[in-house]
Asker: 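Could you have a look at this structure, given as structure tokens, before my questions?
Here is how names work: the chains are called A, B, and so on, in the same order as the sequence lines, proteins then strands, and each is numbered from 1.
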4 protein chains.
Amino acid sequence: MQPIKEYCGIFGIYNHPEAAHLTYLGLFALQHRGQESAGIVSTDGNDVYSHSGEGLVADVFADRPVLKALKGSIAIGHNRYSTTGSSGLQNVQPLLAKLKDGPIAIAHNGNLINSGALRKKFEAEGSIFQSTTDSEVILHLIARSRKKSLVQRIVDACKQLRGAYCLTVLTPDKLIAVRDPNGFRPLALGKMHSTWLAASESCAFDLIGADYIRDVLPGEMIVIDKSGFQSFMFAEPSKITQCIFEYVYFSRPDSRIFGDFVDKTRRRFGKNLAIENPSDADIVISVPDSSNTAALGYAQKSGLKYEIGLIRNHYIGRTFIHPTQQGRDLNVRLKYNAVGGVIKDRKIVIVEDSIVRGTTLRKLTTLLRKSGAKEVHVRVSCPPVRFPCFYGMDFPTPDELVASGRTVEEVRDILRADSLHYISQQKMLESAPSEYGGYCRACFDGKYPLPIENSLEKQMHETGHHVLKV
Amino acid sequence: MQPIKEYCGIFGIYNHPEAAHLTYLGLFALQHRGQESAGIVSTDGNDVYSHSGEGLVADVFADRPVLKALKGSIAIGHNRYSTTGSSGLQNVQPLLAKLKDGPIAIAHNGNLINSGALRKKFEAEGSIFQSTTDSEVILHLIARSRKKSLVQRIVDACKQLRGAYCLTVLTPDKLIAVRDPNGFRPLALGKMHSTWLAASESCAFDLIGADYIRDVLPGEMIVIDKSGFQSFMFAEPSKITQCIFEYVYFSRPDSRIFGDFVDKTRRRFGKNLAIENPSDADIVISVPDSSNTAALGYAQKSGLKYEIGLIRNHYIGRTFIHPTQQGRDLNVRLKYNAVGGVIKDRKIVIVEDSIVRGTTLRKLTTLLRKSGAKEVHVRVSCPPVRFPCFYGMDFPTPDELVASGRTVEEVRDILRADSLHYISQQKMLESAPSEYGGYCRACFDGKYPLPIENSLEKQMHETGHHVLKV
Amino acid sequence: MQPIKEYCGIFGIYNHPEAAHLTYLGLFALQHRGQESAGIVSTDGNDVYSHSGEGLVADVFADRPVLKALKGSIAIGHNRYSTTGSSGLQNVQPLLAKLKDGPIAIAHNGNLINSGALRKKFEAEGSIFQSTTDSEVILHLIARSRKKSLVQRIVDACKQLRGAYCLTVLTPDKLIAVRDPNGFRPLALGKMHSTWLAASESCAFDLIGADYIRDVLPGEMIVIDKSGFQSFMFAEPSKITQCIFEYVYFSRPDSRIFGDFVDKTRRRFGKNLAIENPSDADIVISVPDSSNTAALGYAQKSGLKYEIGLIRNHYIGRTFIHPTQQGRDLNVRLKYNAVGGVIKDRKIVIVEDSIVRGTTLRKLTTLLRKSGAKEVHVRVSCPPVRFPCFYGMDFPTPDELVASGRTVEEVRDILRADSLHYISQQKMLESAPSEYGGYCRACFDGKYPLPIENSLEKQMHETGHHVLKV
Amino acid sequence: MQPIKEYCGIFGIYNHPEAAHLTYLGLFALQHRGQESAGIVSTDGNDVYSHSGEGLVADVFADRPVLKALKGSIAIGHNRYSTTGSSGLQNVQPLLAKLKDGPIAIAHNGNLINSGALRKKFEAEGSIFQSTTDSEVILHLIARSRKKSLVQRIVDACKQLRGAYCLTVLTPDKLIAVRDPNGFRPLALGKMHSTWLAASESCAFDLIGADYIRDVLPGEMIVIDKSGFQSFMFAEPSKITQCIFEYVYFSRPDSRIFGDFVDKTRRRFGKNLAIENPSDADIVISVPDSSNTAALGYAQKSGLKYEIGLIRNHYIGRTFIHPTQQGRDLNVRLKYNAVGGVIKDRKIVIVEDSIVRGTTLRKLTTLLRKSGAKEVHVRVSCPPVRFPCFYGMDFPTPDELVASGRTVEEVRDILRADSLHYISQQKMLESAPSEYGGYCRACFDGKYPLPIENSLEKQMHETGHHVLKV
């Protein structure tokens, strides 16, 4: 059983007559954070109700009766990347269990680095595990705590966790939101009349019509119940190491995380990229939609014309049946087509937000040349990704990271680009807000803010991970 | 959360290259024991593989890839009656968990009567429960045992169980079959070349082409692994109280349980019913298909002509959409039609295997009269069912048992029958084989062979149970 | 494109607020006449509404909204055996088209023998065909008729048809029922208050709660509309040649066709079979459920004991995934199991209603011997089937009919039976009522009551037909 | 039965071993032209094979076996907007029928204006109609033609058609492509080695890897078979009236139609819009993705900054369950979110390609204001849409066209915009290429290039049409 690393989106809501339905909306807004499965748990104070399934939110909850059955005014939800484990054990979220206090449900975004050791210990003492997720140890820590109240037991549990974790926790009468002391992943607090909300990104509040209040702070636990809103820092202050990749690629441009709009930070990446790495091309294009803003920033700062040179086909679904005789570029062509009238006879700067495996970009440079581009210059709004992430970002193994162990020139050659330049780590950090603290950039330089279990690191190198982005 | 009582069919196989596929066949043969969900867990010695779902076996495993993915030469399976609990916790079987020894899977047929107390205790000690089934305590007992080997831990667990349980247990290298000391439910042992099998009823072996060897004995545990077949009695000898209702209604007529063919015992019920309760009617008919054999026995002993007076429609599926203006008898008419040419102007004896709620039978007597029957005499091949079952048979609450608190004459009146007679308890017991010991008949006389937890009994009276048979 | 021969069930209803819903019930009762697809067309006097699909009635109309959308108080329906043709053209029934008078829908049971010639002629004159069914020519004949009223045009069309056809026809204000002058297939007339019904078999009326009035007569057309019920003979009197196979196998035992209950006729087959072909066996068993009644008749007349020696599994659905290593008898074992307690050490008479390919019966005799039968004697309640049917019964090609070109002794040998006897043609005819006229028995003796187009016969021999019964 | 107007995409391919599979790719590239159903017909020279269904191309053909079953080296395909008609008759495309010559299939994009009269005439003469589409009369015209060869009969049919029609026609040995003499809809010719292709837009060739050769000309028929490629003008030269709306909104920006890339024309719309209607706003934003190019053109010409102010959510599927208590703007918010960092405190120009009902745009202006926009100025890259289209563009009835019967100022008020300006008809025409001839702009000025049947126009006003765009 391998540790499963996953991107996720989490959500929680307290005191709304349509709690599950708004959770559904929230998960829909957070769909980009996890597209393989979705789940909601709600409670009416007595019973808990749960539904989850594989697929997009709109598919998993495609029937009104399913949502109706999720009764009550408190709910949490979870979107997930990643597949069912190789063993027969199921990895569903929110995790739901019955403790002596009654039912509890947890939605977890992030990755724990000491779950292996904890799990081993608990199994030796007679505990049963139902999933292969690292998240399940949180439930066991809570169940085993000797503290008196449930909240105290959750604090007790969190103090023993190490790694990245944003949690929304549901009990029959409470919604609890937790963010780890390092603050790896974002978690926002929202409000709408007398309804409280928590979500991985603030875009979930926009859809619902709720207001963004502030971020849940690193090391903060927020407990909301009948007696009101209560906040406290459950852990010693720690060095803040927010995940810069949330700004680079993962969060939505219309979200507000880590103290600023994603869109604004991403544009500064593009501008600083242009300052460091100008080009004498004719036009700037993006890889829609993820690098649109960075490309726009690059164009604005460089003075080059911004153009829409690639069209993205949004009809592509889960399955596509390939003809046996088509070329190997079909996958990329299904998703992107070059706009002949824009590309032909032009020198192109293509701005990409990040390069992981490099396979898609290599096919895009080919597509652009076939469409008549005279030159293709690649500019990247983050430094070369060379190291695995142990805090919840699902990169492939270093072997598959095109920049791992290669010079920029070697990568350029693989990408068949006329030139290739990355933003520097320093300029990237200058572009991001420092309001809440610093950033983890271990994927660029391998300097991990929390030491990694040897076995974990070893496994990461040995096993095939799911790839987020090609 | 209410205790869920359920009929089930279980299966296990050791050492066959298509273990999961034969489990699928076995579950198909045991489909009558549980039609609401089905599940299989297999192992190839390293990993375990699992698939389960709601619906009939042939639907849950409708895709070859699903069966192919259940790799390995050891497998167990489970058919289940009953619905998802009211809480959000899922009741899937076989139960699958990871213990310190590795993965384990359990399929359970029967009902435990001390699971509530055990559960309470374990939760207080920090254990997490994932389902509302009584079966989950078995896993916790195994996980918590201090015994050295896994087999010893399973023995340790079983010694603490009270109630009805037949188990098939899978580990990466073993198949284990267990039957409780009272022997409430049947469990048969089969063989085919070097492949061992266990199944709730021997009809599963017939379909596969395997031989019935013998019953697993009350209180016996059978462990099959590389070192061969090993059997031992894990419990002190106890009074044998096999469930007579397996003969009356539940098991298939072509199965061999408790020491004889179901068909033969069922025919003796019919014959003895005729001896005790003759009739001067013209013909004997059955309620197809469950009382066919008893009716035949009645006809043979009484000398009356056996006729097929009711046709059963087998196309009826799960869902049927009722017109708004149709009479209330449509449900019965969808399932049965009277054969006019047989019924008209005749005095009819209709032999029924058992009467639970009586609603179907009441509609059938009406249907027969509408089709021209001069008289309708009901003969029943088991005594009046008046008490709930705590050992795995899912009767409705006493309030809904038509014979509970009513005289036979009052029931006759409700059924609109010209006469109504039941077989006596004594004659019924004379009809059943005594090779392995006695029978539980608590549903007839309320004398429970194992004392019931007060809370359990209370709940049984308060809650609405799923009804097996109307 | 090959002629497609099919069994079918048809239904029609006039003047009921839930016309489509009762049609759904009627088709459900007629499910045995065609299980591959189902369709309903209804009308509210203005528009027509239609829904059809592949699968059982209860699946095709599994959603209440689908039935709700079939508005109006007149409806017809159709059940069909047979698959989509090899060409891309769709064969849906009821056939629906827009003529100059407005929409019309037709459900057809039977097989036309002059459709090929008509089709060729119409195509040459510029007509378009949408299906490969013979039924579509009926629509063209109606559309092309120069008669003034629609009813006259339908009469005009029917006069040009040759072969077997029972029709229910829907127009925005009429229900029309037609039976061909030979009367090959059954068609019954029913009534319930002021609602008129027509159905292939009377069992459809029983389910709905309507009364069977009488058969639609050979050569009769019944027109029901606002002005009431109107009947006339549209064709010259012809020799009546009802299909004896409807009694032998196809119709339900609780239906009343051709002047008597199917069940009663079928029992007389069994009795006369016993008179002609006694046996000194110990017991008589049937192949459930189709030969139950014939076996009972055989047992009663012969004085041998009737027993239930084979159990039929009704859970078997459309698809079943076969393990790669199971023996070839699995298909039969999935459907039937021998009751060991009945069969062992006995001399068995197994009564079968008919033998077509003989493959199932051969496997059953083997199954019975494996279960300990000392002798297996086969008795068949119709003569050997040796010739194809051109009037709607979908036998395989003569090559595949086990009795074609073989002596009874050769067939016995193939079936591995200790003895084999068929009822004689004369005794069979004596068993059937003669109230309405005679019977077609071309499948036994090759004497076709209507001459067959050469090309049709040729095709029948060349092409692979769908097999009804194995 | 109402005339059904529909957008469509059509495709055809000749001489490729995976003809159906490439048709599937082609339809996928043309998905934007019709998302409600898809169909493919193929032929191997003997039989024809067909599959169609409701939904997106990738869903209708989600199974490899379905595509495999569409055998042969010639195929045509069709994407369709619009639902099943209110009557029970099915509107499937490609239309498939059997004529005396054998099977024929037709895919039609456009709308005929004389189909009603033709249909009436044919029905009176005994023809049967199977659908309510105008396209079916084409089949009847071909079937009824007295010309000798099939090609001549198709020419004969086309000469009698009036209105908009691009056709791909399949016979067992031919692919035929036809474009009406007015050239309303686009149709392109492609080639790949020895394979010929036809498609509504050239983007279909890009995906397959085929080359765009040229447009099929107005009034041209192209016949491709074993004897090669043959082209001729089947009609007298007519005034060319290409649909300008294909450039404005409907075709993909990467397609080449009517003599130029859509993208280039669309950008000229934006530039000319800026020349005619400048603004002193801070930034220019588009309504993604349809007005991206026009907005970019506007920004470039006006010198204002182009920004991404609205994010479009592409996860939204067919169904979405609305909470009962959410505001009425949820539909728009599900699809778009404003990027706070871009919008706040800015004066915004929002460029829209066209305004039909205006409901979406009204909600977007509100959304922008809520996100802090100081002013919202709307600029539209086509003139006000005020009249229905009878040539295949599915506008709502005039009542629902926001600009119909209103001044620009009144529309501005409804849209809650600070200013509203449209491009002039003259500037729009200047922006489009004149290589092939002129344009139809009847939707702007009501001057219909082909006179409309009165009844048709009447129906258009009376009936509710499907709305393309809100």
Side-chain angles (χ1 to χ4, degrees), chain A residues 1 20 39-44 46-52 69-72 75 84-90 92 94-106 119-132 136-146 153 157 170 172, chain B residues 1-2 20 39-44 46-52 69-72 75 84-90 92 94-106 119-132 136-146 153 170 172:
Chain A
M1 274 176 277
I40 296 175
V41 174
S42 72
T43 181
D44 55 10
N46 297 307
D47 274 314
V48 290
Y49 308 92
S50 135
H51 182 75
S52 62
L70 296 170
K71 289 187 274 189
T84 315
S86 68
S87 95
L89 303 177
Q90 282 191 311
V92 292
L95 292 174
L96 176 57
K98 201 177 157 301
L99 311 185
K100 63 174 164 288
D101 320 81
I104 188 169
I106 292 187
R119 189 182 184 110
K120 218 166 198 165
K121 176 165 166 276
F122 296 163
E123 284 177 352
E125 292 169 14
S127 285
I128 293 173
F129 278 76
Q130 298 284 341
S131 76
T132 57
E136 194 178 348
V137 298
I138 308 175
L139 280 177
H140 282 271
L141 284 166
I142 298 169
R144 287 161 159 268
S145 171
R146 301 280 170 177
R153 282 198 290 281
L170 171 147
Chain B
M1 270 174 278
Q2 62 183 73
I40 296 177
V41 174
S42 72
T43 181
D44 55 10
N46 297 307
D47 275 312
V48 291
Y49 308 92
S50 135
H51 183 74
S52 62
L70 296 170
K71 287 186 275 188
T84 314
S86 68
S87 96
L89 303 176
Q90 282 191 312
V92 292
L95 293 173
L96 175 57
K98 201 177 157 301
L99 311 185
K100 62 175 164 286
D101 321 81
I104 188 169
I106 292 187
R119 190 182 184 110
K120 217 165 199 168
K121 176 166 168 273
F122 296 163
E123 284 177 352
E125 293 168 13
S127 283
I128 293 173
F129 277 77
Q130 298 285 341
S131 77
T132 58
E136 194 178 348
V137 299
I138 308 175
L139 280 177
H140 282 272
L141 284 167
I142 297 169
R144 287 162 157 268
S145 170
R146 301 280 170 180
R153 281 197 292 280
L170 169 147

Asker: Taking every non-hydrogen pair under 4.5 Å, which of A:Ala124, A:Ser127, A:Ser145, A:Ala69 racks up the most with chain B?
Answerer: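 Of the options given, most contacts go to A:Ala124.
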Asker: Could you tell me which non-hydrogen atom of B:Glu123 sits nearest to which non-hydrogen atom of A:Lys100, and how far apart they are?
Answerer: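 Residues B:Glu123 and A:Lys100, closest heavy atoms: O-CB, 3.4 Å.
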Asker: So, do A:Arg119 and B:Lys98 sit near enough that their side-chain heavy atoms are less than 4.5 Å apart?
Answerer: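 Touching, per the 4.5 Å side-chain cut-off.
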Asker: Between B:Ile128, B:Thr43, B:Leu99, who has the most heavy-atom pairs with chain A when the cutoff is under 4.5 Å?
Answerer: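 Looking at each option in turn, the highest pair count goes to B:Ile128.
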Asker: Give a yes or no on this: more than 12 heavy atoms of other residues, nucleotides or ligands lie within 6.0 Å of atom NZ of B:Lys71.
Answerer: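 For B:Lys71, atom NZ is not crowded (no more than 12 foreign heavy atoms under 6.0 Å).
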Asker: With a 4.5 angstrom heavy-atom cut-off, could you sort out which part of A:His140 is near chain B: side chain, backbone, both or neither?
Answerer: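 Answer is both: backbone and side chain atoms of A:His140 are under 4.5 Å from chain B.
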Asker: If you look at every heavy atom in A:Arg144 and B:Gly126, which pair is closest and at what distance?
Answerer: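 That would be CG-O, 4.0 Å.
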